[in-house]
Amino acid sequence: MSRYRLTPELSGFAAKGVNEFDGMLNKSAAVVAALATTIIREDTGWEDRAFLEIGVYKGKFFSLVERATKGTDALLLGVDPFRLPDQSMEAVLQTLSLKGCDMDRIVLHKGLSSEEGEIVRLLGKKKLSLCHVDGSHREDDVIADLHMIDRLAADDAIIIGDDFWNRSQLQVTTAFFRTVLADKIDLKPFMLSNNKIYLCRERFLKSNSDKFIEAFETNRDRFSLLNEWLQRAENEQRHHTRQKMAQWEVIII
């Protein structure tokens, strides 16, 4: 059995359990996020590592990473101004606690992602291994977030950017084009999934692509979208599975 086999609990949570939390996270994004956390767990472990979410909203994505890192000392750091009418930091913390999350590892900062010094302080000596960028969708803010993550992320980190292909959020798309595809930072694309883009350091592009495909194969019996991707790849439908994005080849799932 491959080392990237999802645990039954995490597999079930990605498929259905995550829906117990309010917020926005489609199934394909949940499954791929679960695979990312599992790849990190098996390759480097989560000890002395951290997850950063910019834009927590109501904690849906955050809850999935918490579930995936149970039993470790991974720091789970969320940054959000909590200004929307239907959200509050207190409500998110209460929901996470009621759902059985390990609150000792969770830190929510009510503030802006531009407060880099405070984020560095909260991370402490933890290596930033996974980041979900879903904060302000204004172009300049997204660009600033990407530059900050480029400075803070560990060499082997995986970065997930939300709303990259969302036609109602074109400032996000523009920000990624201006920053990532224009080669301004050392975070490059290796996969697209629904509205999300997945980035890593350039020297890890091939290895991350290979790892995710291995994870697809190992979990194809659990998720139809993985099995369908592999069937398309096996039938050499390359334009539906992998394409060039600027000079980088990306997986499309």
Side-chain angles (χ1 to χ4, degrees), residues 9-10 12-27 29-30 33-34 36-37 40 46-138 140-142 144-146 148-149 152-153 157 159-163 166 168-169 172 195-196:
E9 182 184 30
L10 182 56
F13 192 77
K16 295 181 179 179
V18 73
N19 293 327
E20 297 175 5
F21 293 79
D22 288 338
M24 295 168 284
L25 181 63
N26 62 60
K27 185 175 178 180
T37 62
I40 293 170
W46 276 101
E47 301 303 322
D48 298 319
R49 298 273 174 159
F51 162 66
L52 170 65
E53 182 165 42
I54 298 175
V56 177
Y57 189 42
K58 294 187 176 182
K60 194 165 192 171
F61 193 99
F62 203 88
S63 70
L64 189 150
V65 178
E66 189 281 334
R67 187 62 57 99
T69 58
K70 274 192 179 299
T72 75
D73 72 348
L75 170 69
L76 310 179
L77 174 59
V79 178
D80 196 305
F82 296 98
R83 291 174 177 167
L84 296 177
D86 61 343
Q87 68 165 173
S88 72
M89 186 173 75
E90 294 73 20
V92 172
L93 287 170
Q94 182 180 41
T95 299
L96 293 172
S97 178
L98 289 173
K99 296 296 184 181
C101 294
D102 183 358
M103 303 306 292
D104 291 341
R105 299 187 295 116
I106 293 173
V107 176
L108 295 186
H109 173 60
K110 188 175 183 178
L112 302 176
S113 57
S114 58
E115 299 168 16
E116 184 173 343
E118 182 63 10
I119 293 172
V120 170
R121 186 189 71 80
L122 292 171
L123 286 172
K125 295 182 179 179
K126 300 282 189 180
K127 290 183 178 180
L128 181 54
S129 293
L130 181 65
C131 186
H132 185 225
V133 186
D134 190 17
S136 166
H137 285 34
R138 291 189 293 268
D140 288 345
D141 292 341
V142 177
D145 286 345
L146 290 170
M148 180 186 70
I149 293 164
L152 300 185
I159 314 302
I160 304 173
D162 189 50
D163 281 331
N166 189 336
S168 67
Q169 300 291 349
V172 175
N195 281 333
K196 296 188 185 291

Does any N or O in the side chain of [X] come within less than 3.5 Å of the main-chain N or O of [Y], such that one atom is a donor and the other an acceptor?
{"X": "E53", "Y": "G78", "answer": "no"}
{"X": "D134", "Y": "D162", "answer": "no"}
{"X": "T69", "Y": "T72", "answer": "no"}
{"X": "D73", "Y": "D48", "answer": "yes"}
{"X": "S97", "Y": "L93", "answer": "no"}
{"X": "R105", "Y": "A74", "answer": "yes"}

Heavy atoms only: give me the nearest [X]-[Y] pair and the separation to one decimal.
{"X": "K70", "Y": "C101", "result": "NZ-CA, 4.0 Å"}
{"X": "D86", "Y": "K58", "result": "O-CE, 3.0 Å"}
{"X": "A29", "Y": "K196", "result": "CB-CE, 3.5 Å"}
{"X": "S113", "Y": "I119", "result": "O-CD1, 3.7 Å"}
{"X": "K126", "Y": "A50", "result": "CB-CB, 3.7 Å"}
{"X": "I149", "Y": "C131", "result": "CD1-SG, 3.5 Å"}

*Show your working on side-chain contact (heavy atoms from CB on, under 4.5 Å) between Q87 and V92 and close with a plain yes or no.*
CA-CA 8 Å; Q87 68 165 173; V92 172; 5.5 Å; no
*Decide yes or no for E115 and V79: does some side-chain heavy atom of the first lie under 4.5 Å from some side-chain heavy atom of the second?*
no
*In terms of the angle between their ring planes, are F51 and F62 parallel, tilted or perpendicular, with boundaries placed at 30° and 60°?*
tilted
Quick one: pull up [atom1] in [X] and [atom2] in [Y] and give me the separation to the nearest 0.5 Å.
{"X": "E118", "Y": "L123", "atom1": "CD", "atom2": "CG", "answer": "10.0 Å"}
{"X": "M148", "Y": "L52", "atom1": "CE", "atom2": "CG", "answer": "6.0 Å"}
{"X": "E90", "Y": "T95", "atom1": "CD", "atom2": "OG1", "answer": "11.5 Å"}
{"X": "F82", "Y": "M89", "atom1": "CZ", "atom2": "CE", "answer": "6.5 Å"}
{"X": "D163", "Y": "S168", "atom1": "CG", "atom2": "OG", "answer": "6.5 Å"}
{"X": "D141", "Y": "L112", "atom1": "CG", "atom2": "CG", "answer": "8.5 Å"}

_Derivation and outcome, side-chain contact (heavy atoms from CB on, under 4.5 Å), residues E66 and K99_ = CA-CA 11 Å; E66 189 281 334; K99 296 296 184 181; over 6 Å; no
*Stepwise, does the side-chain contact (heavy atoms from CB on, under 4.5 Å) test hold for R49 with L130?*
CA-CA 9 Å; R49 298 273 174 159; L130 181 65; over 6 Å; no
*Taking it one step at a time, do L10 and T37 satisfy side-chain contact (heavy atoms from CB on, under 4.5 Å)?*
CA-CA 10 Å; L10 182 56; T37 62; 3.9 Å; yes
*Using a cut-off of 6.0 Å, state whether more than 12 heavy atoms not belonging to K127 lie near its atom NZ.*
no
